[in-house]
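Written below as structure tokens is the structure these notes are about.
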Amino acid sequence: MLDYKNNMLYIENVSIEELAEKHKTPLYIYSMDQINRNIEKIKKVFEDLPLKIVFAVKANNNIKILKRLGDMGIGADVVTIGEIEAAKRAGISFKDMVINGNAKTEEEIEFAIRNDFFMINVDSPDEFEIVEDFAKKLGKKPNISFRLNPDVDPKTHPHISTGLKKNKFGINFEVGYLLIKEAHKSPYVNFKGVHTHIGSQILEVSPFYDAFTKVKELISRLKRKRISLEYYNIGGGWGIDYKRTGEGLDLNEYKEKVIPILKSMNVKIIFEPGRFLIGNAGALVGKVLLTKINEGKRFIFVDIGMNDLIRPSLYDAYHHILPVKKVKRPEIVADIMGQLCESGDKVAEGRKIPEMEKDEYLVVCDTGAYGYSMASNYNSRPKPEEILIEGDKVSIIRKRETINDMFSLIPD
Ligand code: LLP
């Protein structure tokens, strides 16, 4: 979606320099075309399977984007009342919402039951009791699945691994088996299936293979007890090519090795992509504020801080960086840092990059997922503007926050 034309960087057919001049920086920009291409890729992988896609709203909660996804028949994976509200305002029906979370509040559980959510993914035996109690009280019969913890190593950053037994998510298979037998007989819930989500930014096929194989064994065991499942929610987790080395999850291998197991289960698949659907469709435009050489160490200071994009500071995440203007100049190794008062406030460390000058624009790539949605007001910085590009059309999809917005909750 990003390409140089006459040595200037464009998003689709729109000049990024012109966008930056007009809308100021830091500025999140998204390409609808790229989102559509990602959705097509997902559909291709699951083409022979009954599939329901629910977008993980935590990755990007922009209502205008959610609306476009909803219009394509995509539902929402939500974990809080706030995410439910974002999806609802985007016109996504409760009947297309799946609620996840290891410790849902009673308010969230009651809301999901009252509004006939597509699915409640129950995360513990105690939560199952709470769901049954509310169902009884409300005279409703909610659709439920159990989130299982398959104890497989997703080989990703420890902060975004979720399917190891030491992680807080899900129910182990033995307890899950007993709960399923109970739920199957329960007059208060519709037992529908199981869920696994083993982690995020997963680059290898084998962790998926291992988790799905465990689920397949469980399904066979349940079948012997005449218990069948309608759905298997396989979570999200597909890793993308942040490093531009071709490191993203190999979808051909996934299709070859993993899809046959899913097919053999004879269930409908629910997929909860976040990053894969939108990560590479977003970029963050910033401006060089200053440069500095300190005892030979080079710094490029930009107006993008850890409040705008926390992934590099929090996970040491790599995001590719491109200058907006392509000119012949020496390559240097520099730390690209924000202006916040923390040494960890970084966009990239020890990065090989063309030498850049004050007031030049640059683009931090692949920030469509867990970019704006993890932004904060640290150092009292207002959050950036978000723009959506659809062909030649440029729409502001979230205004830049103002200083007044930031303090609007303080009483007089
Ligand atoms: N389903 C569930 C239950 C999840 O917890 C998540 C993400 C997803 C689906 C979507 O996963 P994805 O397809 O995006 O990998 N902030 C971190 C990522 C945290 C992911 C949390 N759960 C990051 O910036 O890398």
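Hydrogens, waters and symmetry mates are skipped; everything else that's a heavy atom, side chains included, is used. Atoms within a ligand are numbered from 1 in the order they appear, just like the ligands themselves.
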Side chain to side chain contact (heavy atoms under 4.5 Å, CB included) between Leu249 and Glu204, worked out | CA-CA 6 Å; Leu249 181 72; Glu204 289 178 38; 5.7 Å; no
Side chains of Ser376 and Asn307: is there a donor and an acceptor less than 3.5 Å apart?
-> no
Between Arg147 and Asn121: side-chain donor-acceptor atoms closer than 3.5 Å | no
Less than 3.5 Å apart, N/O on ligand 1 and N/O on the protein: could you list those pairs with the distances?
residue  : atom   : partner : partner atom : Å
ligand 1 : 1 (N)  : Asp77   : OD2          : 3.3
ligand 1 : 1 (N)  : Glu272  : OE1          : 2.6
ligand 1 : 13 (O) : Gly237  : N            : 2.9
ligand 1 : 13 (O) : Gly274  : N            : 2.9
ligand 1 : 14 (O) : Arg275  : N            : 2.8
ligand 1 : 14 (O) : Tyr370  : OH           : 2.6
ligand 1 : 15 (O) : Ser200  : OG           : 2.4
ligand 1 : 15 (O) : Gly237  : N            : 3.1
ligand 1 : 16 (N) : Tyr315  : OH           : 2.8
ligand 1 : 24 (O) : Arg311  : NE           : 2.6
ligand 1 : 25 (O) : Arg275  : NH1          : 3.2
ligand 1 : 25 (O) : Arg275  : NH2          : 2.8
ligand 1 : 25 (O) : Arg311  : NE           : 3.3
ligand 1 : 25 (O) : Arg311  : NH2          : 3.0

Do Gln201 and Thr156 have side-chain N/O donor and acceptor atoms under 3.5 Å apart?
-> no
Checking salt bridge (Lys or Arg N to Asp or Glu O under 4.0 Å) against Asp366, which of Arg311, Arg244, Arg275 comes through?
-> Arg244
Apply salt bridge (charged side-chain N to carboxylate O under 4.0 Å, His left out) to Glu107 and list each qualifying residue two or more places apart in sequence or on a separate chain.
-> none
